[in-house]
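Nothing fancy with the numbering, it's 1 onward along the sequence. We count ligands from 1, going down the list as the structure has it; atoms in each ligand are counted the same way.
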Amino acid sequence: KTSPRMREVMTCMIKHLHDFAREIELTVDEWSEGVALMNWAGQMSTDRRNEGQLVCDVVGLESLVDEITYKKAAEAADYATQSAILGPFFRHDHPTREKGATITFNTPDDGQVTYMHGVVTDAVSKKPLANATVDVWQASTNGLYEQQDENQVDHNLRGKFVTDENGEYAFYTIRPTPYPIPFDGPAGKLLKLLDRHPYRPAHIHLIVMIDGYKPITTQIFDKDSKYLDDDSVFAVKDSLVVEFVPRKDDSKAEYELKYDMAMAPN
Ligand code: DHB
Ligand code: FE
């Protein structure tokens with residue numbers, strides 16, 4: 001059934017679509033090309049590939065609604081960890097792993113192992129939060145997420161961690177590398193049309209949740225990565241840029257990344 005909000009959203013969208021067609025004097029042929037692009041996106045989409053979302057992302061729509069949603073939700077915006085877009089490669093079934101476990105299983109030789117850790121806190125009281133879940137996922141150094149790549153084991157570079165009594169989470173992963181969004185479909189065609197490249201800066205995805213607080217979907221970006229200023233999907237925010245530092249006294253990791261997250265109470 002139609003909610004009042006849905007009516008409002010659709011009425012406004014139709015108004016703007018008509019205004020757009022009038023302003024640009026859109027022809028039947030041009031409109032047909034748009035329809036074909038939408039159909040192509042639908043046909044390409046599978047469990048493993050969300051092409052409709054990708055198309056929205058290259059025109060900045062997901063990052064725009066992320067910004068609007070965040071502004072609406074949080075007076076806490078000044079002190080809670082900032083959000084960023086979900087992107088198309090999240091899976092709902094990340095395995096829960098022990099604190100300090102690794103999420104890199106069959107990583108290529110060029111993967112630089114990193115110990116990532118930090119504290120989840122209440123953004124207001126600054127107190128650590130035990131039993132928060134930290135969901136993490138990232139692409140391998142070949143630029144592919146595990147579900148795009150037959151050569152990676154299921155759930156490679158993914159995991160769900162629960163903070164301990166001190167609010168701490170920790171795991172081993174690899175330092176992420178820049179990566180092109182899939183550009184063999186309509187999103188890639190749009191990028192070409194606009195003379196843009198498909199690359200995203202090196203990033204790690206995170207979702208942090210705990211009862212009583214607003215969940216945070218975000219990404220963190222390596223400060224030394226290329227494409228911080230021209231992310232193909234417009235997701236970078238200054239506060240989400242992090243520094244990987246050399247790791248001392250740990251034969252298992254070359255780099256260390258400390259990242260704390262602050263949650264806004266409901
Ligand atoms: C998109 C986001 C990602 O994090 C990614 O790795 C690829 C694509 C996107 O927004 O389309
Ligand atoms: Fe990503």
Please test Thr173 against Leu257 for side chain to side chain contact (heavy atoms under 4.5 Å, CB included), starting from the C-alpha separation and ending with a verdict. CA-CA 10 Å; Thr173 185; Leu257 173 60; over 6 Å; no
Given side chain to side chain contact (heavy atoms under 4.5 Å, CB included), test Lys252 with Val113 step by step and report yes or no. CA-CA 7 Å; Lys252 288 195 284 184; Val113 178; 5.5 Å; no
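Nearest protein heavy-atom neighbour of atom 3 (C) of ligand 1: Arg200 NH1, 3.2 Å. Taking atom 1 (C) of ligand 1 as the reference point, the nearest protein heavy-atom neighbour is Pro88 CD, 3.2 Å. The single protein non-hydrogen atom nearest to atom 7 (C) of ligand 1 is Tyr179 OH, 3.3 Å, given as residue, atom name and distance. Looking only at heavy atoms of the protein, atom 8 (C) of ligand 1 is closest to Ile181 CG2, 3.3 Å.
Of all the listed residues (Val233, Ile204, Asp57), Asp57 holds the heavy atom that lies closest to atom 10 (O) of ligand 1. With distances taken over non-hydrogen atoms, the option nearest atom 6 (O) of ligand 1 out of Tyr145, Phe90, Trp137 is Tyr145.
Neither the backbone nor the side chain of Val58 comes within contact range of ligand 1; no heavy atom lies under 4.0 Å.
Among Lys99, Glu256, Glu168, the single residue meeting the side-chain hydrogen bond (donor to acceptor under 3.5 Å, both in side chains) criterion with His117 is Glu256.
Ala139 does not count as a contact of ligand 1, since none of its heavy atoms falls under 4.0 Å from the ligand. Contact analysis leaves Gln53 out of contact with ligand 1, as no non-hydrogen atom separation drops below 4.0 angstrom.
By the 4.5 Å heavy-atom criterion applied to side chains, Val136 and Tyr169 are not counted as neighbours. Considering only heavy atoms from C-beta on, Glu146 comes within 4.5 Å of Asp154 through its side chain. For the pair Glu62 and Leu86, the minimum side-chain heavy-atom distance is below 4.5 Å.
Counting only N and O atoms by type, the side chains of Gln112 and Arg247 include no donor and acceptor under 3.5 Å apart. Of the N and O atoms on the side chains of Asp250 and Tyr172, at least one donor lies less than 3.5 Å from an acceptor on the other residue.
Within ligand 1, the atoms closer than 4.0 Å to a non-hydrogen atom of Ile85 are 10 (O), numbered from 1 in the order shown.
For Arg175 and Asp224, the salt-bridge test passes: some basic side-chain N is under 4.0 Å from an acidic carboxylate O.
Distances from the Fe ion (ligand 2) under 2.8 Å pick out these protein N/O/S atoms: Tyr145 OH, His203 NE2, His205 NE2.
The six-membered or imidazole ring of Tyr145 lies near that of Phe89, with a centre-to-centre distance under 6.0 Å.
For Ser239 against Tyr259, the heavy-atom pair with the smallest separation is O-OH, 4.4 Å.
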